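Only a predicted model underlies this, so the values are computations on that prediction, with no experimental measurement involved.
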Amino acid sequence: MRNRYSVGFILVVVMAISLALAACSSSDDDSTGSTTQQTPAVAAPTSQAVLQAPAAAPAATAVPAVVGRQAVEAKVKRVVLSVEAPGNPSNDLRLSCCFDTMQLKPMYENLIGLTEGGQYVPQLATSWTVEDGGKAVRFQLRKGVQFQGGWGEWTASDLKWKYSHLVDFEGSHRHRADWLSWIGDASNIEIINDYEILYHINPAANFLVGFSDRWSHMPALSKAHYDAVGDPATLDDTPIAGTGPYQFVKRAQGASILFERVPYDHWRVNPDFQEFEYRFISEASTRFAALLAGEVHITKLGPDLTAEARSEGFGVVENTVKGPRVYGNFYCCWSTKDESTNYKTYTGEWPYNPESPLANPKVRQALNKFINRAELTTAYSPNSEPMYLENWHPTYPGWDPRFETEFADKYGYDPAAATALLAEAGYGPNNPLEVNLILASILNISQPFDVAEGMAGYWRENGVKVNLLSPDASTRSANTRNRVYDNHIQLAGSATYQVFGIELHLSNLLTASSAGYSTPSTNAKLTEIRKLISPTDQDPLLRELGNEFYDAYPNIPLWYISLQAIYNSDIVKTWEFAGAEHGAWNHVEDIRAVAK
C-alpha cells in the first residue's frame, strides 16, 4: 500500500515531520549567509534518441558466449535511483572528475574491476604484468567486447586513442596532470596487437587506480563513434559509446539521466531492469516523498528519514568497502603559487602565503576544538565511525593508537582552550579571526550544507567571522588550481584509498590543483612511500607521516561513514555496491530485482 499517495500530499507530511524534528533539536547557528539549493522537479526526461552507428561502421566481431549473470524478469521496467545532481553535469568524460563521474558510469567499463570487498579483478583486461623493474605495465585485453550502438569491437587502438583524448586536451579535469606524470604523452604507449598493449610508466606511479572502477578515467570509448560525431559539446549531445551493460538514452538537464539495457547478451552481466534512471533531487525530504509514492525505488536520506523509512518497511543496504569519509579541508599552505614550474619539485618558499591565518597551526587547532563533534554526529551522521586523522584508520597501514587516545586533548571540543589558542595567535574581540567557508554538495552525506553551516555556527558563537561562499564546481576547481583559495575551508567527501587519498588531499605531488595542507617535509616522506608497493613496507613510513600530520592539524577530521541506500523492497531485492570509488553510487547493473 506504499503508493496510494501522491508526491504532493506526501511532501507536505514529510516537511511537517522535518520541521517538527528541527524544532526539537538545539542549534545556535545564526548564519545569515547560507544559500538555498533549488530542487528540480521530478519530471520525465526530455526525448533524445540513442545514436546508432552508420552503415559504414566497423563490423562487429562475434560476441563470445555470456559468462556473466543473466537477468531475472523484474516487476517494473525501470528502476530509479535518486540522489543530488552532479556538481558539473557533462556528457564529456574529460570534464568530469571524482563524484561527478557517477553520471555516466552505467555505460562504461574499465580495464580493472572492483569487487564488493574492494579488491582489483580483471574486467576489460584479462591480466596485467609489471615489467622492466616497474617501468612498464603490459595488459592483455578481452576479445569480442562490443561497443553500444553497433560501433564495433573494442581493441587496443581505442584504448590508446582514449588516453590521447584526455591528456592532449588542456581543459580536461584536474587529474590530467596525474596521467602526464605517470605516463607522459601517448608515444609511451605501445600497441602490440589488437588485444595487447604496453604502457611505459614512471615507476613511482600508483597508476593502476586510474584504469580501475575506483577512478574510471580511462574507460573503453569508441574511437569510431568519436570520429563520426566528435565530442559531446553540450548536454544535448550523446556521449561517446562505451561497452557497459547499460547504454545512454537521454538526459533532462538538472533532473535525470536515463539508460537502457543493451539489446544483446552482455559479456559480463545482463541487468535485471530493462532501464535505469538517475533522478536528481536536492532535498532529502523530497526524495523521501518520491520513495513513499513509488516514483523512485532507491535513494539516500538523512538519519531521521532513514529511521522513518525503516518503519514504513523499506530496506536499507550499506556499501561494502571501508573508505567513504567526510572531513573539513584547509586551503592555506601551498608551497608555491607558480604551479607551472614548481609544484612538483617544491623549489619555492613554503608557504607562499604566510600571512594566511590558516597557516598558523594554533588557528587550525582552535577551529577543530570549537566544533562539538558529538552534536554534529547525533544530528547528521549517527551511524558513522569517528575519524581521528583523515586517510588513517585502525585497519590501515601506519596507524598509531595515539591518534585516538590523544584526540580529545588535541582536537576535541573545548571552546575555552580554543579561545586561548586564538589569543596566542593574536586573535580576539578587537582582532577577530576571519575565514571563508565554501559550501559545496558532496554525495557521501545527505545534508552537507547543514553540516557546513553547523561548523560555521560553532565558530561564530566564539567570535570567528565566517564568510559563506557558494561558487559553482568549475569556479572552485579554477580557484584551487590558481591558488586563489588561501584562507578557505570546505566540507569535503572522499572514498579514495589510503596512499592515493594522501596524495590527493594532503599533497600536490600529483596535480597542480592542490587540495589541502602539505609541507616540503610531508611531501618528501610521501615520495618515499610511493616507491613501495607492499603495505607492510609502507607501514613504518606511513606511521611517521601520520604523526607529522597529526601534530600539524592538517584538516578537520569528522567521520568514516557507510553509504546507506534505502530501497523499495517490493521492487528491489538487494544491491551490493563498493561505494569506495569516484561516484560512490555505482555498479547499478548489480541492483537485483524482485522477480515478477
Exercise. Taking the side chain from Gln123 and the backbone from Asn110, do they hold a donor-acceptor pair closer than 3.5 Å?
Worked result: yes
Exercise. Do Val76 and Phe273 come within less than 4.5 Å of each other through their side chains, counting heavy atoms only?
Worked result: yes
Seminar exercise, completed: What one should report as the nearest heavy-atom pair of Trp585 and Ala565 is CZ3-CB, 3.9 Å
For this session: Please work out whether the ring planes of Tyr278 and Phe259 are parallel, tilted or perpendicular, with thresholds of 30° and 60°.
Result: perpendicular
Exercise. Could you go step by step and tell me if Glu109 and Thr243 meet the side-chain hydrogen bond (donor to acceptor under 3.5 Å, both in side chains) rule?
Worked result: CA-CA 6 Å; Glu109 294 178 304; Thr243 65; 2.7 Å; yes
Exercise. Considering all heavy atoms of both residues, which atom of Met218 and which atom of Tyr163 are nearest to each other, and what is their separation?
Worked result: CE-CD1, 3.4 Å
Problem set entry | Whether Trp161 and Tyr226 hold their rings parallel, tilted or perpendicular, with breakpoints at 30° and 60° | tilted
Exercise. Quick one: do Arg261 and Glu589 make a salt bridge, cutoff under 4.0 Å?
Worked result: no
Exercise. Is the side chain of Asn193 donor-acceptor paired with the backbone N or O of Tyr195 at a distance under 3.5 Å, no angle test?
Worked result: yes
Exercise. How many angstroms lie between CD1 in Ile298 and CD1 in Ile571, if you round to the nearest 0.5 Å?
Worked result: 10.5 Å
For this session: Just do the side-chain contact (heavy atoms from CB on, under 4.5 Å) check on Phe139 and Tyr199 with the steps written out, would you?
Result: CA-CA 8 Å; Phe139 289 95; Tyr199 291 85; 3.7 Å; yes
Exercise. To the nearest 0.5 Å, what is the distance between CG (Leu258) and CZ (Phe248)?
Worked result: 8.5 Å
Seminar exercise, completed: Closest non-hydrogen atoms of Thr234 and Asn91, given as atom of the first, atom of the second and distance, are O-ND2, 3.9 Å
For this session: State the CZ-CG distance between Phe314 and Leu292, to the nearest 0.5 angstrom.
Result: 5.0 Å
Problem set entry | Residue pair Arg287, Ile566: steps toward the side-chain contact (heavy atoms from CB on, under 4.5 Å) verdict | CA-CA 10 Å; Arg287 294 197 298 272; Ile566 297 85; over 6 Å; no
For this session: Taking all non-hydrogen atoms of both residues into account, name the closest pair between Gln498 and Asn391 and its distance.
Result: CG-O, 3.0 Å
For this session: Go through the steps to decide whether Val451 and Trp559 satisfy the test side-chain contact (heavy atoms from CB on, under 4.5 Å), and finish with yes or no.
Result: CA-CA 12 Å; Val451 174; Trp559 310 297; 4.1 Å; yes
For this session: Would you indicate whether the side-chain heavy atoms of Gln148 and Ser222 approach each other to under 4.5 Å?
Result: no
Exercise. In Å, rounded to the nearest 0.5 Å, how long is the span from CD of Gln146 to OH of Tyr264?
Worked result: 7.0 Å
Problem set entry | Near-ring test Phe211/Trp128, centroid separation under 6.0 angstrom | no
Problem set entry | For Arg251 against Pro89, the heavy-atom pair lying closest together | NH1-CB, 3.8 Å
For this session: Before giving the answer on side-chain contact (heavy atoms from CB on, under 4.5 Å), spell out for Glu503 and Leu526 the whole-Å C-alpha distance, their side-chain angles and the decisive distance to 0.1 Å.
Result: CA-CA 8 Å; Glu503 293 172 338; Leu526 182 56; 3.8 Å; yes
Problem set entry | Min side-chain heavy-atom separation Ser157-Ile191 under 4.5 Å | yes
Exercise. Hey, is the main chain of Ala440 close enough, under 3.5 Å, to the side chain of Arg476 for a donor-acceptor pair?
Worked result: no
Seminar exercise, completed: Heavy-atom closest pair (Val594 atom, Asp570 atom, distance to 0.1 Å) is CB-O, 3.7 Å
Exercise. Looking at side-chain heavy atoms only, is the closest gap between Leu93 and Pro239 below 4.5 Å?
Worked result: no
Exercise. Do any N or O atoms from the side chain of Ser82 and from the backbone of Thr299 form a donor-acceptor pair under 3.5 angstrom?
Worked result: no
Exercise. Are a donor atom and an acceptor atom from the side chains of Ser90 and Asn88 found within less than 3.5 Å of each other?
Worked result: no
For this session: Could you label the plane-to-plane angle of the Tyr246 and Phe276 rings as parallel, tilted or perpendicular, counting under 30° as parallel and over 60° as perpendicular?
Result: tilted
Problem set entry | Test: Lys223 and Asp227 ion pair at under 4.0 Å | yes
Problem set entry | Residue list, side-chain hydrogen bond (donor to acceptor under 3.5 Å, both in side chains) with Glu131, at least two apart or on another chain | Thr129, Arg138
Exercise. ring-ring contact (aromatic ring centres under 6.0 Å, His included) with Tyr108: which residues, sequence neighbours excluded?
Worked result: none
Exercise. Are Leu159 and Leu111 close enough that some pair of their side-chain heavy atoms sits under 4.5 Å apart?
Worked result: yes
For this session: Answer whether the closest heavy-atom distance between the side chains of His587 and Asp213 falls below 4.5 Å.
Result: yes
Problem set entry | Test: Lys573 and Asp272 ion pair at under 4.0 Å | no
Exercise. Is Ser212 reaching over with its side chain to a backbone N or O of Ile112, donor-acceptor style, under 3.5 angstrom?
Worked result: no
For this session: Report the distance from atom CG of Leu563 to atom OG1 of Thr320, rounding to the nearest 0.5 Å.
Result: 10.0 Å
Exercise. Do we see a donor-acceptor contact under 3.5 Å between the side chains of Glu260 and Gln274?
Worked result: no
For this session: With rounding to the nearest 0.5 Å, note down the distance linking CD in Gln490 to OH in Tyr485.
Result: 7.5 Å
Problem set entry | Pair His200, Glu190: side-chain N/O donor-acceptor within cut-off below 3.5 Å | yes
For this session: Take the angle between the ring planes of His225 and Trp151 and call it parallel below 30°, perpendicular above 60°, tilted in between.
Result: parallel
Exercise. Does the Thr126 side chain pair with the main chain of Gln140, one donor and one acceptor, at a distance under 3.5 Å?
Worked result: yes
Exercise. Would you say the side chain of Phe577 lies within less than 4.5 Å of the side chain of Ile591, judging by non-hydrogen atoms?
Worked result: no
For this session: Check whether any side-chain heavy atom of Ile197 lies under 4.5 Å from a side-chain heavy atom of Ile189, and answer yes or no.
Result: yes
Problem set entry | Check against salt bridge (Lys or Arg N to Asp or Glu O under 4.0 Å), Lys300 and Glu84 | CA-CA 9 Å; Lys300 53 177 284 198; Glu84 298 93 334; 3.2 Å; yes
